[in-house]
Amino acid sequence: MDRRRFLVGLLGLGLARGQGLRVEEVVGGLEVPWALAFLPDGGMLIAERPGRIRLFREGRLSTYAELSVYHRGESGLLGLALHPRFPQEPYVYAYRTVAEGGLRNQVVRLRHLGERGVLDRVVLDGIPARPHGLHSGGRIAFGPDGMLYVTTGEVYERELAQDLASLGGKILRLTPEGEPAPGNPFLGRRGARPEVYSLGHRNPQGLAWHPKTGELFSSEHGPSGEQGYGHDEVNLIVPGGNYGWPRVVGRGNDPRYRDPLYFWPQGFPPGNLAFFRGDLYVAGLRGQALLRLVLEGERGRWRVLRVETALSGFGRLREVQVGPDGALYVTTSNRDGRGQVRPGDDRVLRLL
Ligand code: PQQ
């Protein structure tokens, strides 16, 4: 163990004490690691927002792919996911913002060639993006149903979130080939995009399925400051659900809109979220902590019993995922322009 890892380990031990989690640094020197994907051979893919995918395997970091991206604001290379039948279907999916041919977000896939990935094709094109780069969404993940879920932002044009003809401010559900998934709630509705799964989102950037019930949970950036208070959310996503933005902020008590499962009145701008040992962990950007939400209830009737800090002291946190070894992996995001950069940033941390 090198000295840096030892020190990080010590620091983490101190901070995580009481929560029963030990933390160690897996790899550092990264630039805005937005998403992780675990290869079955033990390698880990890391999407860096400026447009690189790195491969970390057996202690070595290499460049797996370089993608052309529009890197500004909250845009660039964002989500990452493996085909559910990987490696028989040797595809790595990524969400990126591109400028050539018109500024937009798209889902692409790369063909996996062992040490490298090469662009295979665009899976879904035309997701809104704007020159300021804000509210670009970007999380992608395959669900237990084998379909690809995609979170998109409303690019600061709030009405897009309620417009079924727009791909912005939505959660989308696609086949692995990028077609609208069978059973999608607005299939066949005139004027509606058939990819839409849920609407009324501002800038969701997290996707996680409950390990027992298979229900989808999503984290979302609310309008901190815009309406006098923060409003970052965790939502339980149902097909066709309207999550209210911009009509409702917080709990609306309006049957047309779904209330959040949980929200932070003072704001807790969230990256991804993940289930780990029965609890829901949410990575915090400005909040600079990993929170553990202890849930109580059953399918469709969840309540957050309490919220605890599971990790802090590493700055902004963005990605959180359970690895194949059963540990929780978290990335820092201190080099994204909003953080205080520390020596060795950004990092992938491992908690167990
Ligand atoms: N950060 C991102 C990102 O880095 O991808 C996206 C967002 C933030 C948002 O959509 C926000 O609304 C947001 N809001 C605040 C805030 O109100 O303080 C902070 C941040 C942040 O810390 O990055 C984001």
Side-chain angles (χ1 to χ4, degrees), residues 30-36 46-51 69-80 94-97 105 127-141 150-158 160-161 168-171 200-207 218-235 243-246 248-250 260 263-273 282-291 312 314-321 330-342 345-347:
L30 300 166
E31 194 175 355
V32 198
W34 212 95
L36 301 174
I46 307 165
E48 292 179 294
R49 201 173 66 183
V69 300
Y70 178 81
H71 183 219
R72 176 130 189 237
E74 295 152 3
S75 292
L77 177 58
L78 307 180
L80 207 55
Y95 185 106
R96 70 168 173 181
T97 318
N105 284 300
I127 302 167
R130 293 293 179 267
H132 52 60
L134 301 173
H135 294 188
S136 256
R139 190 64 57 188
I140 62 175
V150 179
T151 71
T152 69
E154 40 70 303
V155 295
Y156 250 91
E157 292 172 19
R158 42 177 69 187
L160 292 188
K170 307 292 184 314
I171 296 179
H201 300 292
R202 183 173 176 272
N203 190 21
Q205 293 189 325
L207 292 169
S218 176
S219 47
E220 175 168 337
H221 291 278
S224 325
E226 286 176 28
Q227 307 201 4
Y229 54 94
H231 176 247
D232 304 298
E233 300 178 342
V234 172
N235 287 305
Y243 289 81
W245 177 251
V248 170
V249 172
F263 73 102
W264 285 268
Q266 304 306 318
F268 185 75
N272 204 3
L273 74 182
V282 184
L285 291 163
R286 181 164 57 74
Q288 305 203 355
L290 179 71
L291 298 185
S312 65
F314 292 93
R316 295 163 61 78
L317 303 178
R318 184 177 290 280
E319 167 69 306
V320 56
Q321 259 197 63
V330 177
T331 70
T332 68
S333 191
N334 294 320
R335 292 174 67 184
D336 66 9
R338 288 189 172 126
Q340 191 190 5
V341 182
R342 301 141 205 252
D345 276 338
D346 278 314
R347 309 165 197 281

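Read the numbers this way: they start at 1 and go in the same order the structure lists the ligands and their atoms.
Checking Gly137, Gly153, Pro269 against atom 20 (C) of ligand 1, the nearest heavy atom belongs to Pro269. Comparing Arg316, Arg286, Gln205 by heavy-atom distance to atom 23 (O) of ligand 1, the nearest is Arg316.
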Glu74/Arg338 under salt bridge (charged side-chain N to carboxylate O under 4.0 Å, His left out): CA gap, chis, key distance, verdict: CA-CA 10 Å; Glu74 295 152 3; Arg338 288 189 172 126; 2.9 Å; yes

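The main-chain N or O of Ala289 is never found under 3.5 Å from a side-chain atom of Ser312 such that the two would form a donor-acceptor pair.
Between the side chains of Thr332 and Asp346, at least one donor N or O lies within less than 3.5 Å of an accepting N or O.
The distance criterion of under 3.5 Å between nitrogen or oxygen atoms is not met by Asp336 with respect to ligand 1.
The Asn203 neighbourhood of ligand 1 comprises atoms 6 (C), 9 (C), 10 (O), with distances under 4.0 Å to a heavy atom of that residue. For ligand 1, the atoms closer than 4.0 angstrom to any heavy atom of Gly222 are 12 (O). The ligand atoms of ligand 1 that sit less than 4.0 angstrom from a heavy atom of Arg202 are 12 (O).
Proximity of His221 to ligand 1, defined as any heavy-atom pair under 4.0 Å, is confined to the side chain (atoms from C-beta onward).
Ligand 1 is never approached by Gly138 to a heavy-atom distance shorter than 4.0 Å.
Residues meeting the side chain to side chain contact (heavy atoms under 4.5 Å, CB included) test with Arg72, sequence neighbours left out: Tyr70.
Ring geometry for Tyr243 against His201 counts as parallel: the plane angle stays under 30°, on a 0 to 90° scale with 60° as the upper cut.
With values rounded to the nearest 0.5 angstrom, Glu319 atom CD is found 4.5 Å from Arg139 atom CZ.
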